[in-house]
Number of protein chains: 2
Amino acid sequence: MTETAGGRDAEAVSKFVESFAAQLVEAGMQRMPARIFAALLSSDSGTLTSAELGEQLQVSPAAVSGGVRYLAQQHMVAREREPGSRRERYRVHSDQWYEALTNREAVIKRWEGALREGVSSLGAESPAGRRLSETLAFFEFVDAEVAAMMERWRAHREERFGSAPL
Amino acid sequence: MTETAGGRDAEAVSKFVESFAAQLVEAGMQRMPARIFAALLSSDSGTLTSAELGEQLQVSPAAVSGGVRYLAQQHMVAREREPGSRRERYRVHSDQWYEALTNREAVIKRWEGALREGVSSLGAESPAGRRLSETLAFFEFVDAEVAAMMERWRAHREERFGSAPL
DNA sequence: CCTTAACTTCACAATTTTCTGAAAGAAGCG
DNA sequence: CGCTTCTTTCAGAAAATTGTGAAGTTAAGG
């Protein structure tokens, strides 16, 4: 085993990072954000500095900066400033996916907007308009259901893991 | 108004196609598949031939072919062969999103696989291992809930639109 | 204030992706 | 069968994306 000072198997970590990131990439995420996110997810503290990320992933500070900016916009990482230092820490919570999925609703809202315009410009009574209406109804349904689902997840998690999301 | 032979406002259709496709692209979908899908969604019959798609979107047959292949893999369009013709029709159903979302579960299953490997290689009792476990639990929860949600959607749609998906 | 550590921005090079035209491959129909 | 019509595949040009080094910006700490 390749052990680092911290006692973790650096190679195992890296293997997980790359394979999980690859899955995210295949699902449409950009490579660098995916790798950064995977690295954070598999860190013991759930936080890494820019320098640590750069070293682990073998990329420049600029690449880290760009990747983190993207992730922060998507609400997939939080930025923290260590008081009394110019170093920044990036953090994931275990329930970060909850956050991210909740955020997806914003995307769906825009889809809904485009669909509503389509319905009115193509005519609600035309065949195409009806198809768009039904599509819109599906999204509205999903919106509402996802909100309820997330509420159930919160309850489920507290029961199983305790209330504090790490 | 710019009316085509069929009486539809070609410009309005095109405007919807491009704006809806743009939203899909922003959410991570490739451009050509997004445009093709939007065009099908806003067609009166819900089907278009390769030639019709090429003309409407101003792209080559090769581009249509590539885009359709992708969409078919994702279960977002169905291919139909008109009997007694070499022409192929591509079709969307109004509940195509139901299909597509159901299909997303396959992607999540792979994420779950990568996470399980991570948990076992990093150690289930390490802090990182615990975070990965909790992430895994979230996905397992979502899997189950989405399946139930889709069942409810089927019931909801029948009630509201009648049972036959167009 | 001035220095210095850390992050960000920017222009550019390299890679990757995307679309096209051309050729090849199916499949109906005479 | 062979002609014709449609679709797919493929090599390559064009465009977009990605990551880098270097310069620029911000803020801590003497």
Side-chain angles (χ1 to χ4, degrees), chain A residues 14 17-18 21-40 43 45 47-74 76-92, chain B residues 14 17-18 21-40 43 45 47-74 76-92:
Chain A
S14 173
V17 167
E18 296 308 328
Q23 298 294 335
L24 296 178
V25 167
E26 209 169 325
M29 193 170 182
Q30 292 158 14
R31 181 169 310 276
M32 191 59 66
R35 297 177 73 208
I36 291 173
F37 186 76
L40 285 167
S43 67
S45 63
T47 73
L48 292 170
T49 63
S50 173
E52 289 166 334
L53 282 167
E55 198 200 345
Q56 186 179 337
L57 304 177
Q58 289 295 304
V59 294
S60 72
V64 174
S65 175
V68 166
R69 178 178 35 183
Y70 173 84
L71 289 169
Q73 276 172 353
Q74 308 295 313
M76 292 184 70
V77 305
R79 315 170 92 107
E80 297 179 356
R81 209 38 160 291
E82 322 192 300
S85 162
R86 29 225 116 111
R87 201 174 281 150
E88 208 156 64
R89 306 192 75 79
Y90 308 116
R91 153 164 276 137
V92 284
Chain B
S14 173
V17 167
E18 296 308 327
Q23 298 294 335
L24 295 178
V25 167
E26 208 169 325
M29 194 170 182
Q30 293 159 15
R31 181 170 310 277
M32 191 60 66
R35 296 177 72 209
I36 291 173
F37 186 76
L40 284 167
S43 67
S45 63
T47 74
L48 292 171
T49 64
S50 173
E52 290 167 335
L53 283 167
E55 197 201 345
Q56 187 179 338
L57 304 177
Q58 287 296 303
V59 294
S60 71
V64 174
S65 174
V68 167
R69 179 178 33 183
Y70 174 84
L71 290 169
Q73 276 172 352
Q74 308 294 313
M76 292 182 72
V77 306
R79 315 170 93 106
E80 296 180 355
R81 206 41 159 289
E82 322 191 298
S85 162
R86 347 134 207 149
R87 202 173 280 151
E88 208 156 62
R89 304 192 76 79
Y90 307 117
R91 154 164 274 136
V92 284

Identify each atom pair where a protein N or O and an N or O of nucleotides 14-20 of chain C are less than 3.5 Å apart, giving names and distance.
{"from": "C:dT20", "atom 1": "OP2", "to": "B:S60", "atom 2": "N", "distance (Å)": "3.0"}
{"from": "C:dT20", "atom 1": "OP2", "to": "B:S60", "atom 2": "OG", "distance (Å)": "2.9"}

Minimal non-hydrogen separation, B:V25 against B:A34, with atom names: CG2-CB, 4.0 Å

Just to verify, what does [X] make a side-chain contact (heavy atoms from CB on, under 4.5 Å) with, not counting sequence neighbours?
{"X": "A:E55", "result": "none"}
{"X": "A:A72", "result": "A:V77, A:R79"}
{"X": "A:A22", "result": "none"}

What pairs of nitrogen or oxygen atoms, one from the protein and one from nucleotides 25-30 of chain C, lie under 3.5 Å apart?
{"from": "C:dC29", "atom 1": "OP1", "to": "B:G84", "atom 2": "O", "distance (Å)": "3.0"}

Using atom types as modelled, flag every donor-acceptor pair under 3.5 Å from a side chain in residues 47-54 of chain B to any protein atom, sequence neighbours excluded.
{"from": "B:T47", "atom 1": "OG1", "to": "B:S45", "atom 2": "OG", "distance (Å)": "3.2"}
{"from": "B:T47", "atom 1": "OG1", "to": "B:R89", "atom 2": "NE", "distance (Å)": "3.0"}
{"from": "B:T47", "atom 1": "OG1", "to": "B:R89", "atom 2": "NH2", "distance (Å)": "3.0"}
{"from": "B:T49", "atom 1": "OG1", "to": "B:E52", "atom 2": "N", "distance (Å)": "3.1"}
{"from": "B:T49", "atom 1": "OG1", "to": "B:E52", "atom 2": "OE1", "distance (Å)": "3.4"}
{"from": "B:E52", "atom 1": "OE1", "to": "B:T49", "atom 2": "N", "distance (Å)": "2.8"}

Phosphate-side-chain proximity, A:S65 and C:dC7, N/O vs OP1/OP2 below 4.0 Å: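 Looking at the OP1 and OP2 atoms of C:dC7, neither is under 4.0 Å from any side-chain N or O of A:S65.
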
Inter- and intrachain pairs under side-chain hydrogen bond (donor to acceptor under 3.5 Å, both in side chains), touching residues 30-39 of chain B, at least two apart: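 side-chain hydrogen bond (donor to acceptor under 3.5 Å, both in side chains) check on residues 30-39 of chain B returns B:E18-B:R35.
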
Qualifying side-chain hydrogen bond (donor to acceptor under 3.5 Å, both in side chains) pairs, either residue in residues 56-73 of chain A, two or more places apart: none

Outermost DNA chain D nucleotides near chain A [under 4.0 Å, heavy atoms]: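 The footprint of chain A covers D:dT18 to D:dG29.
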
Qualifying residues under side chain to side chain donor-acceptor pair (under 3.5 Å), relative to B:E80, sequence neighbours excluded: B:R91

B:R86: salt bridge (Lys or Arg N to Asp or Glu O under 4.0 Å) partners, not counting sequence neighbours: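 None.
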
Pairing residues for B:R87 by the salt bridge (Lys or Arg N to Asp or Glu O under 4.0 Å) criterion, not counting sequence neighbours: none

Sugar-phosphate, base or nothing in reach of A:Y70, heavy atoms under 4.0 Å: nothing

Spacing of A:R69 atom CZ relative to C:dC10 atom P, expressed in whole Å: 9 Å

